[in-house]
Each structure stands twice: as C-alpha cells, then as structure tokens.
Amino acid sequence: MKLRRAAKLVVAVLAVGVGATAGQAGLYQDDLSRCLVSAAKPEDRTMLLRWVFAAMASNPKIKDMSQVSADQAKSLSVNAAGLMQRLMLTDCHRQTVEAIKYEGAGAIQQAFGTLGQIAMADLMREDASNAYMSDLTNHLDKPQWEALMAEAGVKAPAQK
C-alpha cells in the first residue's frame with residue numbers, strides 16, 4: 001500500500017470509525033479491536049472524540065452550533081494522527097499487520113469503529129450527556145410509541 005493511500009485510509013478510518021458498526025468481524029480484526037481498546041487510555045479515547053467532534057463541527061450544515069478555531073483543529077489533527085500511529089505502528093503493530101494481510105484494510109476501519117464505540121460509551125456515561133440524551137423521551141408522543149410496541153407484540157416499559 002502506498003503511503004498516500006495509507007494516509008487516506010487513516011483519515012477515512014478516523015472520520016467514520018466512530019460511527020462504524022461491526023460487520024462480519026474476522027479473527028484478525030477482532031484481535032486488532034481488542035488491542036486498540038486495550039492500548040487506548042481514557043484520555044486517548046477522549047482526544048479521538050474531540051477530533052471527531054471538530055470534524056463534524058466543520059460541516060457547514062451544523063457549523064453554527066460550535067466553533068473550533070483553526071489552531072484547535074490543527075492541534076486535534078496532529079494529536080489524532082499521533083494516536084493512530086502509536087496504536088497501529090507500535091502498540092498494536094502485529095495485530096494491524098495481520099488484520100491487513102489476512103482481512104484487508106477494511107478490518108482497520110471496523111477495529112477503529114469498535115474503539116470509537118467504546119469512546120462514545122465513555123462520553124455518554126457522563127451525567128450531563130446522559131441527562132441531555134434522556135430528555136429526548138420527554139418530547140416523544142408516548143401513546144404512539146406504546147401503540148407501536150403493542151403492534152410489535154412487546155409490552156411498553158412502565159412509565160416513571
């Protein structure tokens with residue numbers, strides 16, 4: 001794999017990795033996922049989420065909701081690149097080579113997707129984030145949801 005292609009793969013992995021869902025995981029991808037999750041410290045996962053947030057905030061459709069300075073964006077990109085290099089080239093080198101060799105470059109995207117899911121779970125455990133997400137239920141049409149659940153043959157959970 002040429003270096004330029006590898007660099008594009010790295011950016012694509014980090015850009016969509018957080019939202020990726022596991023497809024048909026292979027043995028080597030599973031090993032790489034476990035290694036990435038094990039090797040990434042909580043502060044690494046937070047930094048990765050900050051980078052993804054900055055990437056999202058740069059989108060014109062939602063840019064008005066957040067402001068990330070050019071200096072912050074550059075710093076986050078440098079840090080994300082350093083993290084990815086440390087994880088793939090050092091901490092999980094063997095697992096990365098085997099995943100690419102036996103399952104293709106897509107295994108890297110899936111493995112980083114797993115790391116992104118763990119990082120997002122960390123974020124959502126915070127009381128403020130959890131409370132904000134939970135507030136969504138206050139704005140749902142509960143009778144319609146109960147009817148949907150009944151149609152599906154599932155009893156709706158008891159309301160608090």
Side-chain angles (χ1 to χ4, degrees), residues 1-140:
M1 184 181 318
K2 292 183 178 179
L3 187 56
R4 185 178 254 355
R5 186 170 168 212
K8 287 181 182 179
L9 174 65
V10 166
V11 170
V13 165
L14 286 174
V16 291
V18 171
T21 57
Q24 183 67 21
L27 172 68
Y28 298 100
Q29 176 199 314
D30 286 345
D31 287 346
L32 178 57
S33 294
R34 279 190 292 277
C35 185
L36 293 175
V37 169
S38 173
K41 302 176 211 107
E43 58 268 21
D44 294 332
R45 295 191 300 262
T46 298
M47 190 280 306
L48 181 62
L49 286 177
R50 290 174 60 89
W51 179 82
V52 170
F53 179 85
M56 291 170 54
S58 72
N59 186 304
K61 293 177 183 172
I62 60 172
K63 192 172 185 145
D64 64 313
M65 296 179 70
S66 182
Q67 189 170 8
V68 178
S69 73
D71 287 343
Q72 286 174 314
K74 181 169 177 106
S75 177
L76 288 166
S77 289
V78 167
N79 291 338
L83 172 62
M84 186 162 196
Q85 289 189 147
R86 189 195 89 215
L87 291 174
M88 294 179 64
L89 302 178
T90 304
D91 298 347
C92 302
H93 182 265
R94 178 184 56 79
Q95 294 88 343
T96 301
V97 169
E98 289 175 348
I100 293 169
K101 184 176 183 179
Y102 297 114
E103 296 176 3
I108 296 171
Q109 181 176 355
Q110 294 296 327
F112 268 91
T114 300
L115 176 59
Q117 289 173 0
I118 299 296
M120 186 61 81
D122 290 347
L123 181 74
M124 298 318 298
R125 279 189 203 96
E126 294 290 332
D127 290 341
S129 296
N130 200 354
Y132 181 83
M133 295 294 285
S134 295
D135 183 55
L136 177 72
T137 61
N138 294 326
H139 307 285
L140 296 175

Checklist entry - So which heavy atom on Ala57 is nearest to which on Val68, and how close? => result CB-CG2, 4.0 Å
Next on the checklist: Using every non-hydrogen atom in the two residues, find where Ala99 and Tyr28 come nearest and quote the distance to one decimal.
Outcome noted: CA-CB, 3.7 Å
Checklist entry - So do the side chains of Arg86 and Leu83 get within less than 4.5 Å of each other, counting heavy atoms only? => result yes
Checklist outcome for this item: Between the CD1 atom in Ile118 and the CG atom in Leu36, the distance rounded to the nearest 0.5 Å is 11.0 Å
Checklist entry - In Å and rounded to the nearest 0.5 Å, what is the OG to CG distance from Ser69 to Leu76? => result 8.5 Å
Item to check | Gap between atom CG of Leu87 and atom CD1 of Ile108 - 0.5 Å precision | outcome: 12.0 Å
Next on the checklist: Tell me if a side-chain donor or acceptor on Ser33 pairs with a main-chain N or O of Gln29 at a distance below 3.5 Å.
Outcome noted: yes
Checklist outcome for this item: Here the gap from Arg94 atom CZ to Lys101 atom NZ, rounded to the nearest 0.5 Å, amounts to 12.0 Å
Item to check | Heavy-atom side-chain contact between Arg45 and Pro42 under 4.5 Å | outcome: yes
Item to check | Nearest heavy-atom neighbours spanning Leu32 and Ala107 | outcome: CD2-O, 4.4 Å
Checklist entry - Mind checking whether Phe53 and Leu49 have side chains closer than 4.5 Å, heavy atoms only? => result no
Checklist outcome for this item: Here the disulfide (SG to SG under 2.5 Å) pairs for residues 54-110, sequence neighbours left out, are Cys35-Cys92
Checklist entry - Between atom CZ of Arg34 and atom CD of Gln95, what is the distance when rounded to the nearest 0.5 Å? => result 9.5 Å
Item to check | Test log, rule salt bridge (charged side-chain N to carboxylate O under 4.0 Å, His left out), inputs Arg125 and Asp122 | outcome: CA-CA 5 Å; Arg125 279 189 203 96; Asp122 290 347; 2.8 Å; yes
Checklist entry - Could you walk me through whether Met84 and Phe112 pass the side chain to side chain contact (heavy atoms under 4.5 Å, CB included) check? => result CA-CA 9 Å; Met84 186 162 196; Phe112 268 91; 3.7 Å; yes
Checklist entry - For the side chain of Asp30 and the backbone of Leu27, is there at least one donor-acceptor N/O pair under 3.5 Å apart? => result no
Item to check | Residue list, side chain to side chain contact (heavy atoms under 4.5 Å, CB included) with Asn130, at least two apart or on another chain | outcome: Ser134
Checklist entry - Is atom CD of Gln67 surrounded by more than 12 heavy atoms (other residues, nucleotides or ligands) closer than 6.0 Å? => result no
Item to check | From CE (Met65) to CG (Asn59), nearest 0.5 Å | outcome: 11.5 Å
Next on the checklist: So for atom CG, which belongs to Asp64, do other residues, nucleotides or ligands contribute more than 12 heavy atoms lying within a distance under 6.0 Å?
Outcome noted: yes
